[in-house]
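Beneath this line is the structure, given in structure tokens, with notes to follow.
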Amino acid sequence: MRVPLERKVLNENDRIAGELRKRFEERGTWCVNLISSPGSGKTSLLERTLEGWPASRRAAVLTGDIQTDNDARRLARFGFPVRQITTGGACHLDARMVERALDGWPGHDLEILFLENVGNLVCPTSYDLGEAARAVLLSVTEGEDKPLKYPATFHHADLMVLNKIDLLPYVPFEKQLAIENARRVQPEIEVLEVSCTTGEGLEAWRAWLERRG
Ligand SMILES: Nc1nc2c(ncn2[C@@H]2O[C@H](COP(=O)(O)OP(=O)(O)O)[C@@H](O)[C@H]2O)c(=O)[nH]1
Ligand SMILES: [Mg+2]
């Protein structure tokens, strides 16, 4: 019984995600879904992104967590609309949660919407959220084998953000091997090397957003 039920849930998710995608396209909203393990730096990357932007920019963030609104509070400091989705146990965001959170919010059309998914390299992969692009973050403390262990997540991503490169001198992490592993599961994946702590590589991330968005 488990498999048919799961399929039904995913079909329903795809239907809502399709509606969201259409709505985003009509309104000129570019939406990016950020996926990673807990602690890879999704909120840090968003902090560094928003801090450099003028308040006139029509950007917003929906951030998902199983519990707490810590990330929303971290991100709200920059003056852009931020909403927390607390999933209450679910290990991923789904399209229905995004649809509900966007109901009547933020009251104007957005040019860019960031979705910070629940920290997890497995569950978020199967849930289309209507996004135009998917970015997976991998930090250098996680091991270069992760693209091979979680191939679906990397296979469905447009971009891999290799974060915490400031720690490369201190951890045994073969950067080239991590990139090769990601390209084994997704030959087209773009790769950016960044450090949210030192700011290295963030220009390239901003350029990616401008180019894709
Ligand atoms: N050294 C280092 N630490 C980082 C970097 N980016 C994030 N962190 C730290 O990693 C931890 C988790 O970051 P967070 O943004 O909360 O990750 P999230 O769970 O993916 O949203 C925090 O203590 C951050 O300060 C980085 O580039 N270098
Ligand atoms: Mg976070």
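Just follow the structure's listing: the first ligand is 1, and inside any ligand the first atom is 1.
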So the protein N/O/S atoms within less than 2.8 Å of the Mg ion (ligand 2) come down to T43 OG1, D71 OD2, E116 OE2

Distance-only N or O hit between ligand 1 and [X], under 3.5 Å:
X: V194; result: no
X: G41; result: yes
X: G39; result: yes

Under the side-chain contact (heavy atoms from CB on, under 4.5 Å) test, which residues partner D166, sequence neighbours left out?
K164, S195, T197, T198

Heavy atoms only, cut-off 4.0 Å: how does T43 contact ligand 1, side chain, backbone, both, or neither?
both

Using a heavy-atom cut-off of under 4.0 Å, does the side chain or the backbone of E200 touch ligand 1, or both, or neither?
neither

With sequence neighbours left out, which residue pairs that include part of residues 150-161 fulfil the side chain to side chain donor-acceptor pair (under 3.5 Å) condition?
T125-T153

Closest heavy-atom contact between Y127 and L93?
CB-O, 3.4 Å

Side-chain atoms of residues 206-213: list all donor-acceptor pairs with protein atoms under 3.5 Å, sequence neighbours left out, distances to 0.1 Å.
{"residue": "R206", "atom": "NH1", "partner": "E203", "partner atom": "OE2", "Å": "2.9"}
{"residue": "R206", "atom": "NH2", "partner": "R48", "partner atom": "O", "Å": "3.0"}
{"residue": "W208", "atom": "NE1", "partner": "E190", "partner atom": "OE2", "Å": "3.3"}
{"residue": "E210", "atom": "OE1", "partner": "R57", "partner atom": "NH2", "Å": "3.3"}
{"residue": "E210", "atom": "OE2", "partner": "R57", "partner atom": "NH1", "Å": "3.0"}
{"residue": "E210", "atom": "OE2", "partner": "R57", "partner atom": "NH2", "Å": "3.4"}
{"residue": "R211", "atom": "NH2", "partner": "E190", "partner atom": "OE1", "Å": "3.3"}

Using a 4.0 Å cutoff against the non-hydrogen atoms of [X], which atoms of ligand 1 qualify?
X: S44; value: 6 (N), 7 (C), 13 (O), 14 (P), 15 (O), 24 (C)
X: L167; value: 1 (N)
X: D166; value: 1 (N), 2 (C), 26 (C), 27 (O), 28 (N)

Is ligand 1 less than 4.0 angstrom away from at least one heavy atom of E116?
yes

